[in-house]
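Below, chain A is the first sequence line, B the second, and so on; all start at residue 1. On a predicted model such as this, the values are computed, not experimentally measured, just so you know.
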Amino acid sequence: MDISFSPLWLSLKLATFTTLILLIIGLPLVYLIHFKLKFTFIKPLVKAIVSLPLVLPPTVLGYYLLVAFNPESFLGSTFERLFDLRLVFSFTGILIGSVIFSLPFMVNPILSAIESLPAYYEDAAYTLGKSSWVTFFKVLLPNIKASVVVGLTLSFAHTIGEFGVILMIGGNIPNETRVASIAIYNEVEMLNYQSANLYALILLVFSLLVLTFVNYFNAEKNTGEL
Amino acid sequence: MLEFSFSKKLHHQQGELQLELTEKLPLNSITAIMGGSGEGKTSLLKMFAGLLPPDKGYLKINNNYWFDSISKINFPPQRRSIGFLFQEYALFPNMTVRENLLFALAKKNNRNIIDELLSVINLTTLANVKPHLLSGGQQQRVALARAVIRQPDLLLLDEPLSALDQEMRDRLQQDLKILLKKYPTTVLLVTHDHTEAARLANYIMVLEKGRKTQFGSVAAVLGTKQLEKTGILGEIITIDKEKKILQVLVGNELFTTTFASSANLPEIGKTILLKVEQWELNK
């Protein structure tokens, strides 16, 4: 039995890029929600938008992204014109989709950890003349490192397990959008149960390991020093 | 002069409280703000710090406005020259004692002050330890050092001694006196404890239902009828069993009082509650 490693490789690549991008946009987003939207009615709205992918069927999100990425649409045509990139049925497209789809897995653990820190850390930093930006990076984040690791790990794992959104906007193109989860679907469609079995087993073991790691880290967080 | 007038509606578990307070305090004085729990004492300190905006009023120090509701001036905490000692210490757990002090320093400050402060609070040997490994008293001293390290114009202390045992109280009180001699500043300290007020302050302001009911020197306020019901806490210094006379230290002043029977008499060094009519200043 021979399986192609390309879907596994593609899944890893997608998850790595997604996680890195989420780290870069996730932290400023948490900063924005916590510090700049405090006591405004926009805060619950922004938190709801970030959390939408948790409750929406992936096909709904995938459908809207497909409409938005369409080369005829404003977003799709702008991307083609500026970067010569096609968003539908391409790696870039599923990467953007993954970032949006996994956003709550990065933002929510970090945000809730920040919000559960006592307010006096923030107040103390302000009375010592520090800006909210310095307070965020030097005081708050270092005390919730474990939650950042949890956010990173969950984003990575969630992207590996993604299916609906990728199928909607990326289709099933080998070496481009056929990630491991899609490959399983593809093998089953072609009645190659043995290959499907192997892909499924690899994903199962991987997911189990990731969740074990997250749980281990959560336990550490509660017993180890801050 | 530190001049302020605050008007603020506060909401807490017991309901609403309308805080109305106006006063002028001389610079480099220490004023204790006293009152029971739920009198908005901590909220008041936060208004000085810029962490809680008053509904109306003003705050000026040395004729510089930090807050004025009419001309819409409201300096954020970062722009006010303040030091704040939090009831919970609020030391940053991710930083060592030294790093906590270093973080607090402004760029313009001389770094030598860190070692100087560490030796005043006698924690030079624990400088590279994280705060959670220190005792409550040690944490409080680090928090105090951190609050004065920027040499602020206004030092705000929230119940600085209340969580500490007798030995630690003496220690912190001593440290505070040394620090204030070295770096004089105007101090507001909030407390519900007469002894704490008497020990540390020059002036006492008593709050009741959000309003000032008394203000004056420590002796003047603590000697008034207001405290008749509660009395005042003092430390027994000497016991004369023959003449049946106790000498009690209240703040920095020594009082004598008589007692009827030697039975159940506390030992020297213990804290006792004196009724006002028992007082007689030991001149």
**Q** Mark yes when over 12 heavy atoms from residues, nucleotides or ligands other than A:Phe91 sit less than 6.0 Å from its CZ; otherwise mark no.
**A** yes
**Q** Side chain, backbone, both or neither: which part of B:Leu133 has a heavy atom under 4.5 Å from chain A?
**A** neither
**Q** Mark yes when over 12 heavy atoms from residues, nucleotides or ligands other than A:Lys38 sit less than 6.0 Å from its NZ; otherwise mark no.
**A**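 For A:Lys38, atom NZ is crowded (more than 12 foreign heavy atoms under 6.0 Å).
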**Q** Are the side chain of B:Gln78 and the backbone N or O of A:Tyr126 linked by a donor-acceptor pair below 3.5 Å?
**A** no
**Q** Does OH in A:Tyr63 sit with more than 12 non-hydrogen atoms of other residues, nucleotides or ligands closer than 6.0 Å?
**A** no
**Q** Using only atom types and a distance under 3.5 Å, with no angle test, would you say the side chain of B:Asn94 pairs donor to acceptor with the backbone of A:Asn143?
**A** no
**Q** Heavy-atom count check: over 12 atoms from other residues, nucleotides or ligands less than 6.0 Å from A:Tyr64 OH?
**A** no
**Q** Can you confirm whether B:Met95 sits close enough to A:Val139 that some side-chain heavy atom of one is under 4.5 Å from a side-chain heavy atom of the other?
**A** yes
**Q** Do the non-hydrogen side-chain atoms of B:Phe103 and A:Lys130 ever get within less than 4.5 Å of each other?
**A**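 Side chain of B:Phe103 against side chain of A:Lys130, heavy atoms only: contact under 4.5 Å found.
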**Q** Around atom CH2 of A:Trp9, are there more than 12 heavy atoms of other residues, nucleotides or ligands at under 6.0 Å?
**A** no
**Q** Checking B:Leu85 against chain A: side chain, backbone, both or neither under 4.5 Å from a heavy atom?
**A**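 For B:Leu85, neither part sits under 4.5 Å from chain A.
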**Q** So which heavy atom on B:Pro93 is nearest to which on A:Tyr121, and how close?
**A**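 Taking B:Pro93 first and A:Tyr121 second, the nearest heavy atoms are CG-OH, 3.3 Å.
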**Q** With side-chain contact (heavy atoms from CB on, under 4.5 Å) as the test, would you mind laying out the steps for B:Phe92 and A:Lys138 before giving the verdict?
**A** CA-CA 10 Å; B:Phe92 305 131; A:Lys138 294 278 176 74; over 6 Å; no
**Q** May I ask you to name which of B:Ala104, B:Ala147, B:Ala106 has the most heavy-atom pairs under 4.5 Å with chain A?
**A** B:Ala104
**Q** What option among B:Pro77, B:Ala143, B:Ala90, B:Pro152 has the most heavy-atom pairs under 4.5 Å with chain A?
**A**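 Looking at each option in turn, the highest pair count goes to B:Ala90.
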**Q** Select one option (side chain, backbone, both, neither) describing which atoms of B:Ile82 are under 4.5 Å from chain A's heavy atoms.
**A**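 Both parts, heavy atoms under 4.5 Å.
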**Q** For atom CZ of B:Phe75, is the number of surrounding heavy atoms from other residues, nucleotides or ligands below 6.0 Å larger than 12?
**A**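 Result for CZ/B:Phe75: enclosed.
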**Q** Contact part of B:Arg146 toward chain A, heavy-atom cut-off under 4.5 Å: side chain, backbone, both or neither?
**A**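 Both backbone and side chain of B:Arg146 come within 4.5 Å of chain A.
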**Q** Does A:Leu82 have more than 12 heavy atoms from other residues, nucleotides or ligands lying within 6.0 Å of its CG?
**A**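 Yes, because the 6.0 Å sphere around CG of A:Leu82 holds more than 12 heavy atoms from other groups.
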**Q** If you define the side chain from C-beta out and look only at heavy atoms, does anything of A:Asp123 sit under 4.5 Å from B:Lys46?
**A**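 Answer yes - side chains close enough.
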**Q** Of all the heavy-atom pairs spanning B:Ala49 and A:Thr127, show the shortest one and how long it is.
**A** CB-CG2, 4.5 Å
**Q** Below 4.5 Å from any heavy atom of chain A, which atoms of B:Tyr89 appear? Answer side chain, backbone, both or neither.
**A** neither
